[in-house]
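Since the structure comes first, as structure tokens, the remarks are kept for the end.
Computed from a predicted structure; not experimentally measured.
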Amino acid sequence: MSVSPTETRPPLPGEPAPWFQAASAANPRFAFSSVAGRYTLLAFVGPADGQPAAAADRAMQALRAEGLLDDANRCAFLLTLGPPAPGGPQDRIPGLRVLADAAGATYRAYGLLRPDPAGAEPLIGLAAFLLDPLLRVIAAAPLERIGELATLLRQLPPPHLHAGQETPAPVLLLPRVFELELCRRFIDLYARTGGDDSGTMVERDGRTVGIIDYSHKRRFDCVIEDADLQATIRARVARRLVPEIRKAFQFEVTRIERYIIACYDAATGGHFAAHRDNTTPGTAHRRFAVTINLNDDFDGGDRGFRNWPAPLPAAGGRRSGLLLLPAARGDAGDARHPLRRAALPLRRRRGADPRGEPRLARTGAPRRGCRAGLASGKATPRNAPP
């Protein structure tokens, strides 16, 4: 295994643990960022068929048998170096998962794989990190002292109190973005045209492609193609939303990426599981997501954020209210009754826009180039048949 020189050091307490992707038994590109929201023991155990890996596996299985590793509040990962081994550690769900760092990229990112000054085999560090629900380091230790981290883990408060109090998500709640008449206009448009299955974007062979996965997302979208209605949306966003984004986040929005009415339908189990909106090359430009409720005769549809466990009600309120999420991952809870919702993915762009999209009207100081995308949402009426 060739290793390029690096001065990367392991992350220290208070520092964020580097995010990475590695192969698991079920997912060749498991995203470590998805485990936020609980305490995590991350152990770098070396080759899968080595004695350190076997010893760490036994220690984690003991913690799991104790009930300490339950996935809801605490979990553990063993990260092996090189390919998986048939007799090596295996997933024990809930609580314990094994990831394989085939090329050593994650070991290098954590400062645990370095070239030997004498030119011999690379130097491999074996270590363990205890991470908080934001995936920041609480403590670190050599792998053989992982028991000390387990002792500390037993003493920690519930994940939602890891900062000493409940910490709200960094969101902007804003009422009165759309008039009620405009909300009804969106609802009527969806009733006339219906919606199509809404997928999610994934990376395949370096390209961003859309897929349909009902276990992850169940939603129906209708594209708003009427130019006058698009202009109406831009006017409201420019005068009512853009100034508040500038105040709260010092971010200048100039364009809308897309115009969509989206339906989370209770009859079909409408939901959107934990996700981020900018994790593929084709969506990396996005910085915010916005939802606007179009109706208030629904139950469910609450949003949760694993990084910030304090719950938020659906879109932070009811009809015409807005919830803006700054590049944060969210869960759109199951829509148990009617839910109509509007959402905006916002993105930054500098220079000329090759697609020639209309700009939002200026409402104040000049702003840097970026984009906003609008989507809206709906779910079945409360008196609809099952």
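- Atoms CZ and NE2, on Phe272 and His216 in that order, are 4.5 Å from each other to the nearest 0.5 Å.
- Salt bridge status for Arg218 with Asp197: present, with a side-chain N to carboxylate O gap under 4.0 Å.
- A donor-acceptor contact shorter than 3.5 Å links the side chain of Gln230 to the backbone of Ile224.
- Shortest non-hydrogen contact noted between Pro243 and Ala238 is CD-O, 3.3 Å.
- With His160 contributing its side chain and Pro158 its backbone, the two residues share no donor-acceptor pair below 3.5 Å.
- Taking the six-membered ring for Trp and the full ring otherwise, Phe20 and Phe30 have centroids separated by 6.0 Å or more.
- Side chain of Asp101 to backbone of Tyr107: a donor-acceptor contact under 3.5 angstrom is found.
- With contacts defined as side-chain heavy-atom distances shorter than 4.5 Å, the pair Asp221/Ile261 does not qualify.
- Residues passing the side-chain hydrogen bond (donor to acceptor under 3.5 Å, both in side chains) test with Thr208, sequence neighbours excluded: Thr280.
- Using a cut-off of 4.0 Å between Lys/Arg side-chain N and Asp/Glu carboxylate O, Glu15 and Arg9 are scored as salt-bridged.
- Between Ala31 and Gln21, the shortest heavy-atom contact is CA-CG, 4.1 Å.
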Applying ring pair (Phe, Tyr, Trp, His ring centres under 6.0 Å), run through Tyr190 and Phe220 and close with a yes or a no. CA-CA 10 Å; Tyr190 189 95; Phe220 298 94; 8.1 Å; no
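- The shortest distance between side-chain heavy atoms of Arg38 and Pro133 does not fall below 4.5 Å.
- Arg240 and Glu179 are joined by a salt bridge, as a carboxylate oxygen and a charged side-chain nitrogen come within less than 4.0 angstrom of each other.
- Pairs passing the side-chain hydrogen bond (donor to acceptor under 3.5 Å, both in side chains) check and including a residue from residues 75-94, sequence neighbours excluded, do not occur.
- The backbone N or O of Arg74 lies less than 3.5 Å from a partner atom in the side chain of Asp70, making a donor-acceptor pair.
- Under a 3.5 Å cut-off, the side chain of Asn293 and the backbone N or O of Asn295 do not form any donor-acceptor pair.
- For the atom pair OG of Ser24 and CG of Leu79, the computed distance is 11.5 Å after rounding to the nearest 0.5 Å.
- Other members of the hydrophobic cluster containing Tyr214, listed by chain and number, are Ile212; membership follows side-chain contacts under 4.5 Å among ILVMFWY residues, whether direct or relayed.
- Taken to the nearest 0.5 Å, the CG atom of Leu173 stands 12.0 Å off from the CD atom of Glu244.
- When side chains are defined from C-beta on, Leu135 counts as touching Phe32, because their heavy atoms get closer than 4.5 Å.
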Would you mind writing out the side-chain donor-acceptor pairs for residues 42-57 within the sub-3.5 Å range, not counting sequence neighbours?
from: Asp57; atom 1: OD1; to: Gln61; atom 2: NE2; distance (Å): 3.4
from: Asp57; atom 1: OD2; to: Gln61; atom 2: NE2; distance (Å): 3.2

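- When side chains are defined from C-beta on, Tyr39 does not count as touching Leu68, because their heavy atoms never get closer than 4.5 Å.
- A heavy-atom distance below 4.5 Å is not found between the side chains of Leu123 and Leu112.
- Contact annotation: the side chain of Pro122 never approaches that of Arg114 to less than 4.5 Å [non-hydrogen atoms, C-beta and beyond].
- Sorted by first and then second residue, the side-chain hydrogen bond (donor to acceptor under 3.5 Å, both in side chains) pairs involving residues 134-144 (not counting sequence neighbours) are Asp132-Arg136.
- The backbone N or O of Asp228 lies less than 3.5 Å from a partner atom in the side chain of Thr232, making a donor-acceptor pair.
- Counting heavy atoms from C-beta outward, Ile187 and Arg185 have side chains that stay 4.5 Å or more apart.
- For Arg154, the side-chain hydrogen bond (donor to acceptor under 3.5 Å, both in side chains) partners are Glu66, not counting sequence neighbours.
- Hydrophobic clustering, with ILVMFWY side chains joined whenever heavy atoms are under 4.5 angstrom apart, groups Phe129 together with Trp19.
- Among all heavy-atom pairs drawn from Tyr110 and Ala17, the shortest one is OH-CB, 3.4 Å.
- Residues Leu113 and Arg108 approach most closely at O-CG, 3.6 Å, considering heavy atoms.
- Between Leu152 and Ile138 there is a side-chain heavy-atom pair separated by less than 4.5 Å.
- With Arg97 as reference, Asp71 is the one residue of Leu78, Asp71, Leu69 to meet the side chain to side chain contact (heavy atoms under 4.5 Å, CB included) rule.
- Of all non-hydrogen atoms in Ala109 and Pro18, the two that sit nearest each other are O-CG, 3.9 Å.
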